Amino acid sequence: MRIGILASGGNSPGMNNAIITLVKKASVSKIDTLLIRDGYKGLLANDFIKPDIRYLDKFVTTSNVVIGSARSKDFYKIECKKKAQTILKKRRVDVLVVIGGDGSYKGAAGLAKLGQKVMGLPGTIDNDVSSTDVTIGFATCLNTIVVALDAIRDSFESHAGICFVEVMGRGFSDLAVTAGIATQAEAIITPENILSVEDFIEIANLTKKNGKRSCLFVVTEGIYGRNGLLTLNDIANEVEQVTSRSTRVNVIGYSQRGGTPTASDRFLAATMANHCIECLLQKRFNRVIVQKSGEILDVDINEAIALPHKRNNTKCAKIYELIDRV
């Protein structure tokens, strides 16, 4: 048996750990391995390489995906999937293993419909894959955000200021909700919990009345500055004018995708990769690997992508907001 491995979508801490375990487990299981650079884009470009295990070992501690990760809008086209299938057949790849999110899974499912055997591992910082409780990369990204928020809190405590902190998670707000609760943010803004300028001013004044020097608003990216809403900078300017307090916007940005993968992400990646190869040895194909209630399992890929999207835990966020304004 020969497998091809690619990472698709945005890079996610722990992807390397999944790739390394897949290669090593395949090696001891007498399964041949090819790596595909830059996701589906690289697949369409026929960019395959043989793995060097000792070289891969150097990437255990980094979020810089050793084989690259990329998005490919072309892969939505049926003709591109057929081209990919032809390339995989010429490369004698029996099973394509895709590490990525729901969009990556849909690409793999499209190949499966054409007869190509596939497997999926959930690699995305957003934790938005419905079939699994947690995704590879979420824990590391969350920790990066929490460290940044703690540092920002220190600064704004010193200056008795207000800060709007934008975090990633455009399609799903687990990062904002979890980080906001972990750092006792005064408000957590999600698509279901959009606040107005007046709301922000009221919260800032309330927390000051309660003796708090700083006020942090954790905001999910992609909400303000569209659909008729003011930009965060415009909101910050209005809040500053009314409250007469130093008010700033801080976009954490792509640092959220980097850094050293946490132990939990490395462990999750390794155990999911091991389970993936076990499925192949048992001739269980077209599956995605999941964690449910702490157990590593697998489900049919079509069932996985048909599940409803995860819902933001806005109720939980609002409970803790009331606590953290005191």
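The structure presented is a predicted model; accordingly, all values stated were derived computationally and were not measured.
Here the side chain of Q241 pairs no donor or acceptor atom with the backbone of E238 at under 3.5 angstrom. Distance alone, capped at 3.5 Å, places no donor-acceptor pair between the N286 side chain and the K117 backbone. Proximity of a side-chain donor or acceptor of T247 to a complementary backbone N or O of R245 within less than 3.5 Å is detected. Under the 3.5 Å distance criterion, the side-chain polar atoms of D47 are left unmatched by any main-chain donor or acceptor of I36. Looking only at distances, a side-chain donor or acceptor of Y40 sits under 3.5 Å from a matching main-chain atom of A108. In this structure, the side chain of S12 does not engage the main chain of M15 through any donor-acceptor pair within 3.5 Å. Checking side-chain atoms of Q256 against main-chain N and O of I145 turns up no donor-acceptor pair under 3.5 Å. Side chain of D300 to main chain of N302: a donor-acceptor pair is present (N/O by atom type, distance under 3.5 Å, no hydrogens or angles). Judged by distance alone, the side chain of R248 and the main-chain N or O of I162 form no donor-acceptor pair under 3.5 Å. Under the 3.5 Å distance criterion, the side-chain polar atoms of D126 are left unmatched by any main-chain donor or acceptor of F172.
Under the 4.5 Å side-chain criterion, counting only non-hydrogen atoms from C-beta, I296 is not in contact with V290. For the pair V23 and L35, the minimum side-chain heavy-atom distance is below 4.5 Å. Residues K83 and L44 have side chains in contact (heavy-atom distance under 4.5 Å, counting atoms from C-beta outward). Side-chain contact between E166 and I252 is absent, with no heavy-atom pair separated by less than 4.5 Å. When side chains are defined from C-beta on, T62 does not count as touching T260, because their heavy atoms never get closer than 4.5 Å. The shortest distance between side-chain heavy atoms of P122 and V288 does not fall below 4.5 Å. Contact check for I189 versus V218: no side-chain heavy atoms found under the 4.5 Å cut-off. Within the 4.5 Å cutoff, the side chain of K50 has heavy atoms near those of the D32 side chain.
Residues D234 and T231 bring a donor and an acceptor atom of their side chains to less than 3.5 Å of each other. Of the N and O atoms on the side chains of D199 and S196, at least one donor lies less than 3.5 Å from an acceptor on the other residue. With hydrogens and angles left out, the side-chain atoms of E295 and S293 include no donor and acceptor closer than 3.5 Å. The closest side-chain donor-acceptor pair between R153 and S214 falls under 3.5 angstrom. Donor-acceptor pairing under 3.5 Å is recorded for the side chains of D298 and H275. With 3.5 Å as the limit, one finds no donor-acceptor pair spanning the side chains of N11 and S69. No side-chain donor-acceptor contact under 3.5 Å links S173 and T190. For the residue pair N46 and R91, a side-chain donor N or O sits within less than 3.5 Å of a side-chain acceptor on the partner. No side-chain donor from either of D133 and Q291 sits under 3.5 Å from a side-chain acceptor of the other.
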Exercise. Verify side chain to side chain contact (heavy atoms under 4.5 Å, CB included) between I19 and N16, making sure each step is shown before the conclusion.
Key: CA-CA 5 Å; I19 294 164; N16 283 335; 4.3 Å; yes
Quiz item: Given the rule in the side chain to side chain contact (heavy atoms under 4.5 Å, CB included) test, do H309 and D128 qualify, once you have shown the distances and angles that lead to the verdict?
Solution: CA-CA 7 Å; H309 289 296; D128 60 347; over 6 Å; no
Quiz item: Is there a side chain to side chain contact (heavy atoms under 4.5 Å, CB included) between I235 and F200 once you walk through the steps?
Solution: CA-CA 9 Å; I235 292 171; F200 289 122; 3.7 Å; yes
Self-check item: CA sep, side-chain torsions, deciding dist, call: Q116, K89, side chain to side chain contact (heavy atoms under 4.5 Å, CB included)
Solution: CA-CA 9 Å; Q116 173 66 51; K89 187 175 182 179; 5.9 Å; no
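Separation of atoms CZ (F48) and CG (L6) is listed at 8.5 Å; rounding is to 0.5 Å. In this structure, the separation between CD1 on I49 and OH on Y55 is 8.0 Å, given to the nearest 0.5 Å. Here F138 contributes atom CZ and T124 contributes atom OG1; the two are 10.0 Å apart, rounded to the nearest 0.5 Å. If you take OG1 on T271 and CD1 on I136, they are separated by 8.0 Å, rounding to the nearest 0.5 Å. In this structure, L195 CG and I201 CD1 are separated by 12.0 Å, a value rounded to the nearest 0.5 Å.
Other residues, nucleotides and ligands contribute more than 12 heavy atoms inside 6.0 Å of the NZ atom of K25. Counting heavy-atom neighbours within 6.0 Å of R2 CZ, excluding the residue itself, gives a total above 12. With a 6.0 Å radius and a threshold of 12 heavy atoms from other residues, nucleotides or ligands, K212 has its NZ atom above the threshold. In E157, the CD atom is crowded: over 12 heavy atoms of neighbouring residues, nucleotides or ligands sit closer than 6.0 Å. Within 6.0 Å of NZ on K82 lie no more than 12 heavy atoms contributed by other residues, nucleotides or ligands.
Nearest heavy-atom pair, A84 versus L43, reported as atom, atom and distance to 0.1 Å: CB-CD2, 3.7 Å. Heavy-atom minimum distance, S130 versus K310: OG-N, 3.3 Å.
A side-chain hydrogen bond (donor to acceptor under 3.5 Å, both in side chains) with D265 is found for exactly one of T135, T140, N17, namely T140.
Separation of the Y224 and F164 ring centroids does not fall under the 6.0 Å cut-off.
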